[in-house]
Amino acid sequence: MITAVKGMNDILPGEIAKWRFVEETARKVFSLYGFSELRTPVVEKTELFSRGMGQDTDVVEKQMYTFTDKGDSSLTLRPEATASVMRAVIEHGLLGQEPVQKLFTIGPMFRYERPQKGRYRQFHQINCERLGEAGPLSDAETLALAYEIAVALGLSGVVLEVNSLGCPACRPAFKKALQDFLEAKKEGLCPDCLRRMYTNPLRVLDCKVETCKTAVEGAPENSGYLCDECRTHYDTVLAGLDALYIPYEKNPRLVRGLDYYIRTAFEMTAKGLGSQNAVGGGGRYDGLVAALGGNDVPGVGFAFGMERLLMLIPDMAEEKKGCFIAALGENTKKEALKLAAQLRRKGIRTELAPEKSFKVQMKQAGKSGYPVCLIIGDDEMAAGTVAVKDMKTGVQDQVKQEDLLKRLADIVR
RNA sequence: GUGAGUGUAGCUCAGUUGGUAGAGCACAGGAUUGUGGCUCCUGUGGCCGUGGGUUCGAGCCCCAUCACUCACCCCA
């Protein structure tokens, strides 16, 4: 048997209603905020990601699906959307036409990781990018937008956590202070953290090992090291959220895995997701457009993990409107076919029973989930009627063919 | 890349200190009518993940391998 590639899943008909619900809800909220959708290719030049996300992030170092094509170019299946969107914006000069770009995109991403709950090799993101505004209120409104999507999806127990990561001016001082602090606590740290305290000291704050948690108690917080500009930026973001009535929690330990984030960073977490408890996250990335060869344009953005959102939404069945037609006896089949064609032309969804025994047809009608089943047999043909059976109550009556549309209109709409 | 758990019928799972392979659901046929979901009867369906080993004998014990799952790591 040929199976799907590890970590890449089929989305079967029974699940599709949920997927569409999530996508459509997100589109609706984005449009309320004046955001436009775009789509970029799934494959990009490898360099785009190594320059965008940072050479020594885990994603770039070991999680990319990179290959060489027949023209000897190094290409990569996109592991995230932000770099691709920046590339498209720069390439098409969108900022020249309209200096503020509010964009979103929805689609599959690829990362070579060991799959587990909420983490797959092909996964889907809802991605939001807002370019051309450096002010803190654009951060606030963007976080509000993210929060409103969660609300519109009916998610409960989602917490918005916020932090400021500082900027290239003030972050080094904090990093240094943190490293000095950790140096003194070395004995308590797990092997991973001993390595991390040099490569990415902020990550140690995030470690789940008990001894590390205690070792890290009383560690310096970056809020004490923010420069004046970052300080006021952060305060204004929080004030903006208050003004918009968006509930949030400050989390001084919050970090981001990608290099391009500065200042505002946030995450939305939920229970019931296993250990991958972040449904979405993002932040500000002012240097990114310039790093990718564009002008010095600021930006904020975020991404939701669709699979993680879906885990929080109860199963939904597609509501079946329309009708099912069962035909009794050989000579009525053609009549049923004609009837189905007429109804479809009127915009009524109509499904014909399989060409099997009448008993099987009725069984199918029951399973199909349609609210009504039309039955046509010799008696009906002679009388010019159709039997209309209400599948919930089991009640049925004879309806004249010319009255059928009117009759169905009530049930089917 | 590291660790743990699980692989038995289409699905969900039982399977006693190693002694001939089970249930429910689903599916097919019938009781049963010009009508499904309920009830009853009957039936189809398994190389017990794969390859070795121990044993008179392995679904069960041992080794290897593959797959899935969860966790570490990382992230959305």
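First the proteins, then the strands, lettered A, B, ... as listed; each starts at 1.
The partner of B:A21 is absent, by the rule that a Watson-Crick or G-U pair needs both atom distances under 3.5 Å. In this structure, B:C40 and B:G30 make a Watson-Crick or G-U wobble pair, each of the two defining distances being under 3.5 angstrom. Base pairing analysis places B:A58 opposite nothing; no Watson-Crick or G-U wobble pair with both distances below 3.5 Å involves it. Base-pair partner of B:G3: B:C70 (Watson-Crick or G-U wobble, both distances under 3.5 Å). In a base pair of the Watson-Crick type (N1 to N3 plus N6-O4 or O6-N4) or a G-U wobble (N1-O2 and O6-N3), with each distance short of 3.5 Å, B:A64 is matched with B:U50. Figure legend. B:G45 is base-paired to no nucleotide; pairs are counted as Watson-Crick or G-U wobble with both atom distances under 3.5 Å.
The P atoms of B:C62 and B:G5 are separated by 12 Å, rounded to the nearest whole Å. Taking the C1' atoms as reference points, B:U17 lies 42 Å from B:C73, given to the whole Å. Rounded to whole Å, the C1' atom of B:G37 lies 43 Å from the corresponding atom of B:A71. The gap from the P atom of B:U8 to that of B:C41 amounts to 29 Å, rounded to the nearest Å. If you take atom P in B:A28 and the same atom in B:G45, they sit 16 Å apart, rounded to whole Å. For the C1' atom pair drawn from B:G24 and B:A9, the interatomic distance equals 12 Å after rounding to whole Å. B:C63 and B:G29 have their C1' atoms separated by 48 Å, with the value rounded to a whole Å. Going from the P atom of B:G59 to that of B:A21 covers 8 Å, rounded to whole Å.
For B:A71, one of the phosphate oxygens OP1 or OP2 lies less than 4.0 angstrom from a side-chain nitrogen or oxygen of A:Gln116. The phosphate of B:A67 (OP1 or OP2) has no side-chain N or O of A:Thr3 nearer than 4.0 angstrom.
One atom, CG of A:Asn9, and another, P of B:A76, lie 19 Å apart when rounded to the nearest Å. One atom, OH of A:Tyr147, and another, P of B:A76, lie 21 Å apart when rounded to the nearest Å. Computed from coordinates, the A:Asn277 CG to B:C72 P distance equals 10 Å when rounded to whole Å. Atom C1' of nucleotide B:U33 and atom CG of A:Leu328 are separated by 13 Å, given to the nearest angstrom. The distance from atom CD of A:Glu129 to atom C1' of B:A76 is 13 Å, rounded to the nearest whole Å. Counting to the nearest Å, the P atom of B:U32 and the CZ atom of A:Phe358 are 19 Å from each other. For A:Gln361 and B:G37, the CD to P distance is 15 Å, given to the nearest whole Å. Atoms OH (A:Tyr260) and P (B:A76) sit 7 Å apart, rounded to a whole Å.
Listed nucleotides B:G36, B:A76, B:C27 differ in distance to A:Arg119; the shortest reach to its side chain belongs to B:A76. The nucleotide whose nearest atom lies closest to any side-chain atom of A:Lys6 is, among B:A71, B:A76, B:C68, B:C68. Among the nucleotides B:G36, B:A71, B:C74, the one closest to the side chain of A:Lys363 is B:G36. Closest to the side chain of A:Ala278, out of B:A76, B:A28, B:U35, is B:A76.
We find that the ring of A:Phe123 and the base of B:A76 stack, their centres lying under 5.5 angstrom apart and their planes tilted less than 30°.
The two residues A:Leu352 and A:Ala340 come nearest to each other via the heavy atoms CD1-CB, 4.0 Å.
Proximity of a side-chain donor or acceptor of A:Glu249 to a complementary backbone N or O of A:Val162 within less than 3.5 Å is not detected. The main-chain N or O of A:Leu310 is found under 3.5 Å from a side-chain atom of A:Lys18 such that the two form a donor-acceptor pair.
One side chain, A:Thr269 or A:Glu161, offers a donor N or O that lies under 3.5 Å from an acceptor on the other. A donor-acceptor contact under 3.5 angstrom links the side chains of A:Gln116 and A:Ser275, judged on distance only.
Checked by distance alone, A:Lys389 brings a side-chain donor or acceptor within 3.5 Å of a matching partner on the base of B:G36. Not a single donor-acceptor contact under 3.5 angstrom links the side-chain atoms of A:Arg114 to the base of B:C72. At a cut-off of 3.5 angstrom, the base of B:C74 holds no donor-acceptor pair with the side chain of A:Arg256. The base of B:U35 sits within donor-acceptor range of the side chain of A:Gln396, with an N or O pair under 3.5 Å.
Across all strands, A:Phe302 comes closer than 4.0 Å to no nucleic acid atom at all (heavy-atom distances). Residue contacts for A:Leu309: at a heavy-atom cut-off of 4.0 Å it reaches no nucleic acid atom on any strand shown. Within 4.0 Å of A:Ala365, counting heavy atoms only, lies no atom of the nucleic acid at all. Within 4.0 Å (heavy atoms only), A:Gly274 reaches sugar-phosphate atoms of the nucleic acid but no base atom. Among the atoms of the strands shown, base atoms are found under 4.0 Å from some heavy atom of A:Met391. Within 4.0 Å (heavy atoms only), A:Gln276 reaches at least one base atom of the nucleic acid.
The pair A:Glu113-A:Arg121 fails the salt-bridge criterion, with no side-chain N (NZ, NE, NH1 or NH2) lying under 4.0 Å from an Asp/Glu carboxylate O.
Residues A:Ala4 and A:Ile376 each lie close to RNA chain B; by heavy-atom proximity, the contact nearer the 5' end of the strand is made by A:Ile376.
Geometrically, A:Arg111 does not engage A:Phe123 in a cation-pi contact defined by less than 6.0 Å to the ring centre and at most 45° from the axis.
Aromatic ring pairs are classed by plane angle as parallel below 30°, tilted from 30° to 60° and perpendicular above 60°; the pair A:Phe324 and A:Tyr370 is tilted.
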